[in-house]
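Take a look at the structure below.
Side chains are part of it too, since the values below use all heavy atoms of this structure and drop only hydrogens, waters and symmetry mates.
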Amino acid sequence: MTKKKLVIVGNGMAPGRMLEFLFEKDPNAYDVTIFNAEPRVNYNRLMLSPVLSGEKSYEDIITHNDDWYAQNGVTLHKSARVAEIDRKAKTVTSENGITANYDQLVIATGSNPFIIPLPGKDLNGVLTYRDLDDVDKMLEAAKKGGRAVVIGGGLLGLEAAAGLKMQGMDVTVLHLMPTLMERQLDPAAGYLLESEFERRGIDVRTKANSHEIVDDGAGNVKAIRLDDGSEIEASIVVMAVGIRPSADLAKQVGLDVNRGILVSDEMRTSDPDVFALGECVEHRGSCYGLVAPLYEMAGVIADNLLGGASTYTGSVTATKLKVTGVDLYSAGDFGEGEEREEIVLRDAAAGVYKRLVLKDNKIIGAVLYGETADGPWFFDLLKKGTDVSEMRETLIFGQAYQGGAPLDPTAAVAALPDDAEICGCNGVCKGKIVSAITEKGLTSLDDVRAHTKASASCGTCTGLVEQLMAVTLGDAFNPNAVKPMCGCTHHSHDDVRRLIKAKELKTIPAVMQALEWTTSGGCAKCRPALNYYLVSDWPDEYADDYQSRFINERVHANIQKDGTYSVVPRMWGGMTSSTELRAIADVVDKYNIPSVKCTGGQRIDMLGIKKEDLPGVWEDLGKAGFVSGHAYAKGLRTVKTCVGSDWCRFGTQDSTGLGIKLERFLWGSWTPAKVKLAVSGCPRNCAEATCKDVGVICVDSGFEIHFAGAAGLDIKGTEVLGLVKTEEEAMEYITALIQMYREQGHYLERIYKWAKRIGYDEVRRQIMDDAEKRKAYYDRFVFSQKFAQVDPWSERVSGKDKHEFNPMATLPMEAAE
C-alpha cells in the first residue's frame with residue numbers, strides 16, 4: 001500500500017516527540033519530510049543553558065542524530081526555511097527551492113524572541129537567547145570578557161545570566177518588575193532567588209526600565225542607559241523578555257491566526273489537512289512556552305494522523321529553573337485572592353521556602369525553593385483537584401509525612417499513581433517509566449533515559465526516577481552508576497569531571513569550594529581522584545599535588561610487606577642489552593638487594609630496597625639510561641611484545657618495533673588506572689594481546705586493534721576495536737583511545753570497566769568512525785605529553801621531594817625513655 005506523505009515545517013522538540021509517538025504506533029504509515037530552518041538536527045532546547053555555562057556540549061543535547069532520521073526513513077532538509085505553502089496543490093517550498101508534496105502537513109514554526117523597541121536595538125552586540133546560534137554568539141562574545149547586561153529576570157534571562165557568569169563575564173540583570181520571575185514565583189521566593197544570584201556575583205537590578213542602548217560610535221554596544229539616567233557599561237546586551245508565536249507563515253497562506261495559529265482540540269488548523277504544533281499554536285485562547293504541553297499536543301496529533309480521535313483540552317504547567325545549584329519549582333496559581341488560604345514553611349538556615357495556595361481544600365498553586373523533591377506530588381494533587389482536607393496539618397511537609405508514620409522516599413514514590421508526572425521537562429509519567437522498565441528489561445538509569453527521556457534533560461528528577469527503578473526492580477536495581485565519588489560530596493565522578501571543565505576549576509581547593517565539599521580537605525578517596533582529574537584536564541596549568549597521591553606514587557617505587565621497596569626500570573617493549581643488564585647487576589651488588597625477578601611484563605624487578613637507598617639506586621640506573629618503569633603508577637605500565645617478523649618465521653609485522661614506538665610515545669601519562677599493552681606479531685598471540693587493556697594483533701593486512709581485556713581479579717577477553725593498515729594509523733587510533741579513556745574514565749576504573757559502562761559501540765564510533773573526534777583526542781594527548789614525559793627518578797635524584805627519602809632519626813634508648 002502506498003504510504004501517505006507527511007510534511008513537517010520545523011524540527012524542534014515538539015515535532016520530534018510527535019514523530020516518536022507516530023513511529024511507535026505505526027512506523028510505516030507515512031513518508032516523512034522535514035524542513036528545518038536551522039543547519040542541524042533536532043536538539044533539546046531545554047539544555048541550551050548548560051551549553052552556555054559550559055556544562056554540556058552541543059553533542060550532549062542532540063535528541064535525534066542523522067542516523068535516527070536515516071533509520072526511520074525521514075528526509076530532513078537542513079537550512080531550508082519554508083517560503084511558500086500551496087494549500088490547493090498541497091506543496092511546501094523552501095527558500096532554497098526544495099519542494100515536497102503532502103497529504104498531511106504539520107506546522108511547527110515555534111516562537112520568536114521579543115525585541116524591545118529600544119534605540120540601539122540593532123547595534124552589534126545586542127543578542128537574543130532562543131536557539132543554538134544565539135548560544136554560539138554569546139560564547140564567542142564571552143571569550144572577550146567584559147560585562148553582559150541581560151534584560152529580563154524571567155526563566156530565560158536568569159539562565160542566560162548564570163551561563164555568562166560561568167563563562168567569566170561580569171553580569172547585570174535588569175528586570176522591570178519588583179521581584180524576579182514574578183509570573184512563576186511569589187515575592188518571598190523571588191527575594192530568595194535574587195539573593196542567590198547576588199551571592200554568585202551577579203548584579204540584579206529590579207524595577208529597572210531600560211531607556212537606550214548606547215553606541216560606541218562604531219556601531220557596537222557601549223552601555224545601556226536606564227530611565228533614571230544611569231548608565232551601565234556593557235560589551236553585550238542580551239534581550240530575554242519573552243517570546244511570541246511564530247505565525248507569520250500560517251497567516252501568509254490564509255490560515256486563521258490570532259496571537260498564534262488557531263487550532264481545534266484535535267490540533268487541526270482552519271484547514272483540516274493542516275495541523276499546528278508547539279509554541280506557534282493558540283488553543284482555547286492560550287499559548288504555551290513550556291515543553292510539557294507541547295508534548296501533550298504531539299501525542300494528540302500523532303494519534304489523529306493515524307485516524308484516531310484524540311483531543312487536547314489544555315494544560316496546567318509547572319516550572320523549573322535550569323541553573324546548577326538552584327532548586328526551584330513552581331506550579332499553578334499562587335496569587336492573592338478571596339477564599340484562598342496558604343500554608344507556608346520557612347527554614348532560614350537551610351534556605352528553604354515552601355508555599356501552597358489552597359481553595360476549597362484543593363491545591364491551586366505551589367512554590368518551592370531550596371527543596372523541591374515533593375514538587376511532582378504537589379503538582380499531581382493540583383492537576384487532579386484532590387481534596388487535601390484530611391492531610392491539611394502535614395501537607396506542607398510533603399508526601400513522606402502523610403498517613404501516619406513518615407514514608408521512606410521509595411515508599412512515597414511507590415504510592416504515586418501511574419499518571420503522576422515524574423519528568424516535567426519531557427512530560428513522562430510514572431506509568432510509562434514502569435512499563436518501559438518491565439517490558440524492555442531496563443536496569444540502568446541510562447537505559448531508562450534512552451527509552452523514556454525521563455531525567456534526560458535538566459536532571460532534577462533523577463532521584464525520583466532512581467527511586468522508581470528501585471521500587472520496580474527490587475534487588476535487581478544497581479544504583480552504583482550514580483553513586484557519589486565519596487562521602488565528602490554528593491557529586492558523582494562524572495559530575496565532578498564535567499564541572500571541573502565547565503567551571504574551569506584548576507586547584508583542589510577551588511573544586512572543593514565550588515562544588516560544596518562537605519569536608520574541609522577531602523579524604524583518601526577523593527583527593528587522589530581530584531588530583532588525577534586536574535592533571536588530566538589542565539596539563540599545562542595544574543601543579544601535581546604531592547600529598548594527594550598514594551605512597552607508591554609519592555616515592556615512585558612499590559612498597560613491600562616488610563617496608564622495603566621494589567624498583568622496576570623501563571625496558572622498552574621488553575628489549576634490553578648487555579650494558580643495561582650489567583648496570584642492573586652492579587646496582588644489585590652495590591645496595592645488597594636481596595631479590596631480583598623477571599616480571600610478567602618482560603622487565604626486571606629488584607625487591608627489598610631500603611627507602612633511603614632509592615635515590616642512589618635511581619642515580620646509578622639513570623647513568624645507564626634507565627627511566628622509571630612506572631610499575632607503581634596509575635598510568636602506562638608495560639608494552640609486552642613478541643619478537644615478530646624480525647626473528648619469528650610466523651611473524652607478519654614488526655611487533656617489537658611497534659611496541660617500542662608505542663611505549664616511548666605513551667610513557668609518563670597518568671591515567672585513571674593502570675594501563676597495560678601488548679603487540680603480537682601474528683594471530684598465534686604469543687604476547688597475550690587479547691587480555692590486555694589495549695592489544696594489537698599483527699596480520700598480513702595490517703594491525704587489528706583490541707581493547708578492554710582483563711587478566712587479574714576479573715578475567716575477560718578483549719573487544720575488537722578495528723583493523724588499520726599502517727603503524728602510523730595504529731599509533732593514532734591507540735593514542736586516541738587512551739586519551740578518550742583518560743578524559744572519561746572514573747579514577748581507579750580500568751579500561752574494561754569504563755568501556756562496558758559507556759558502551760563498546762560508542763568507543764568504536766568515536767575512535768573508528770569519527771575522524772575529527774579521533775584527531776582531537778590524539779592532539780590533546782600529544783599536548784599533555786609535553787608536560788608529562790619527565791622521569792620522576794631523575795627529578796628525585798636532582799633533589800625534588802628529598803625529605804621523603806631521609807631516614808627518621810635514630811634516638812638513643814635513654815633519650816627515647
Side-chain angles (χ1 to χ4, degrees), residues 49-50 53 55 153-155 157-163 165-166 171 173 175 177-206 318-332 334 342-357 363 365-379 394-401 406 409 412 424 458-464 484 487-492 495-496 499 502-503 505 510-520:
S49 296
S53 66
E55 295 168 275
L155 274 172
L158 294 179
E159 290 176 6
K165 182 66 178 178
M166 288 183 68
V171 181
V173 175
H175 193 52
M177 304 305 289
T179 56
L180 298 176
M181 290 183 63
E182 75 286 346
R183 293 183 180 180
Q184 293 87 14
L185 302 181
D186 61 12
Y191 162 78
L192 290 171
L193 184 60
E194 182 177 339
S195 299
E196 170 62 22
F197 269 68
E198 289 179 338
R199 186 188 68 78
R200 294 177 177 222
I202 296 172
D203 176 29
V204 178
R205 303 193 189 188
T206 55
T319 298
K320 294 177 182 177
L321 182 67
K322 292 163 189 67
V323 173
T324 301
V326 180
D327 296 318
L328 183 154
Y329 190 97
S330 168
F334 47 82
E342 63 179 11
I343 309 173
V344 175
L345 170 66
R346 298 178 192 264
D347 185 340
V352 171
Y353 170 80
K354 300 182 181 182
R355 179 182 176 222
L356 300 176
V357 181
I363 297 175
V367 180
L368 311 178
Y369 185 93
E371 187 178 286
T372 60
D374 284 308
W377 182 65
F378 289 133
F379 189 42
T394 56
L395 183 64
I396 194 68
F397 299 110
Q399 184 182 10
Y401 288 86
C458 74
T460 54
C461 63
T462 297
L464 275 176
C488 302
T489 177
H490 64 279
H491 290 296
S492 67
D495 284 339
V496 170
L499 292 168
K503 294 176 177 287
L505 306 173
V511 173
M512 292 182 175
Q513 180 64 28
L515 304 190
E516 299 179 343
W517 240 240
T518 59
T519 58
S520 60

Quiz prompt | Set of side-chain hydrogen bond (donor to acceptor under 3.5 Å, both in side chains) partners for Gln184, sequence neighbours left out | solution = none
Practice problem: Grab the two heavy atoms, one from Lys503 and one from Met166, that are nearest each other, plus how far apart they are. | Solution: CG-CE, 3.5 Å
Quiz item: Stepwise, does the side-chain contact (heavy atoms from CB on, under 4.5 Å) test hold for Val326 with Leu193?
Solution: CA-CA 8 Å; Val326 180; Leu193 184 60; 3.8 Å; yes
Quiz item: Which heavy-atom pair separates Asp327 from Thr372 by the least distance, and what is that distance?
Solution: C-CG2, 3.7 Å
Exercise. Report yes or no: do Glu182 and His175 form a side-chain donor-acceptor pair below 3.5 Å?
Key: yes
Quiz item: To the nearest 0.5 Å, how far apart are CE in Met512 and OG in Ser520?
Solution: 8.5 Å
Exercise. Could you check Leu155 against Met181 for side-chain contact (heavy atoms from CB on, under 4.5 Å), going step by step and ending with a plain yes or no?
Key: CA-CA 7 Å; Leu155 274 172; Met181 290 183 63; 3.6 Å; yes
Self-check item: Results of side chain to side chain contact (heavy atoms under 4.5 Å, CB included) for Leu192 - residues two or more places apart only
Solution: Tyr353, Tyr369
Exercise. Would you indicate whether the side-chain heavy atoms of Ile396 and Leu356 approach each other to under 4.5 Å?
Key: yes
Quiz item: Can you name the residues that form a side chain to side chain contact (heavy atoms under 4.5 Å, CB included) with Thr519, not counting sequence neighbours?
Solution: Cys488, Trp517
Quiz item: Would you say the side chain of Asp186 lies within less than 4.5 Å of the side chain of Val357, judging by non-hydrogen atoms?
Solution: no
Practice problem: Test side-chain contact (heavy atoms from CB on, under 4.5 Å) on Val173 and Ile202 and set out the steps. | Solution: CA-CA 7 Å; Val173 175; Ile202 296 172; 3.9 Å; yes
Quiz item: Would you say the side chain of Tyr329 lies within less than 4.5 Å of the side chain of Asp374, judging by non-hydrogen atoms?
Solution: no
Self-check item: Residue list, side chain to side chain contact (heavy atoms under 4.5 Å, CB included) with Ala373, at least two apart or on another chain
Solution: none
Exercise. Could you tell me which non-hydrogen atom of Pro484 sits nearest to which non-hydrogen atom of Thr489, and how far apart they are?
Key: CB-O, 3.1 Å
Quiz item: Atom CZ in Phe397, atom CD1 in Ile343: separation rounded to 0.5 Å?
Solution: 9.5 Å
Practice problem: Looking only at non-hydrogen atoms, find the nearest pair between Val204 and Glu194 and report the distance. | Solution: CG1-CG, 3.8 Å
Self-check item: Nearest-0.5 Å distance, OG1 of residue Thr179 to CG of residue Leu185
Solution: 7.5 Å
Exercise. Can you see which heavy atom on Leu464 is nearest to which on Pro376, and at what distance?
Key: CD1-CG, 3.4 Å
Exercise. Taking all non-hydrogen atoms of both residues into account, name the closest pair between Phe378 and Ile363 and its distance.
Key: CD2-CD1, 3.9 Å
Quiz item: Once you round to the nearest 0.5 Å, how far does NZ of Lys354 lie from CG of Asp347?
Solution: 9.5 Å
Exercise. For Glu198, enumerate each residue passing the side-chain hydrogen bond (donor to acceptor under 3.5 Å, both in side chains) test, keeping only those at least two apart in sequence or located in another chain.
Key: none
Quiz item: Can you name the residues that form a side-chain hydrogen bond (donor to acceptor under 3.5 Å, both in side chains) with Arg199, not counting sequence neighbours?
Solution: Glu196
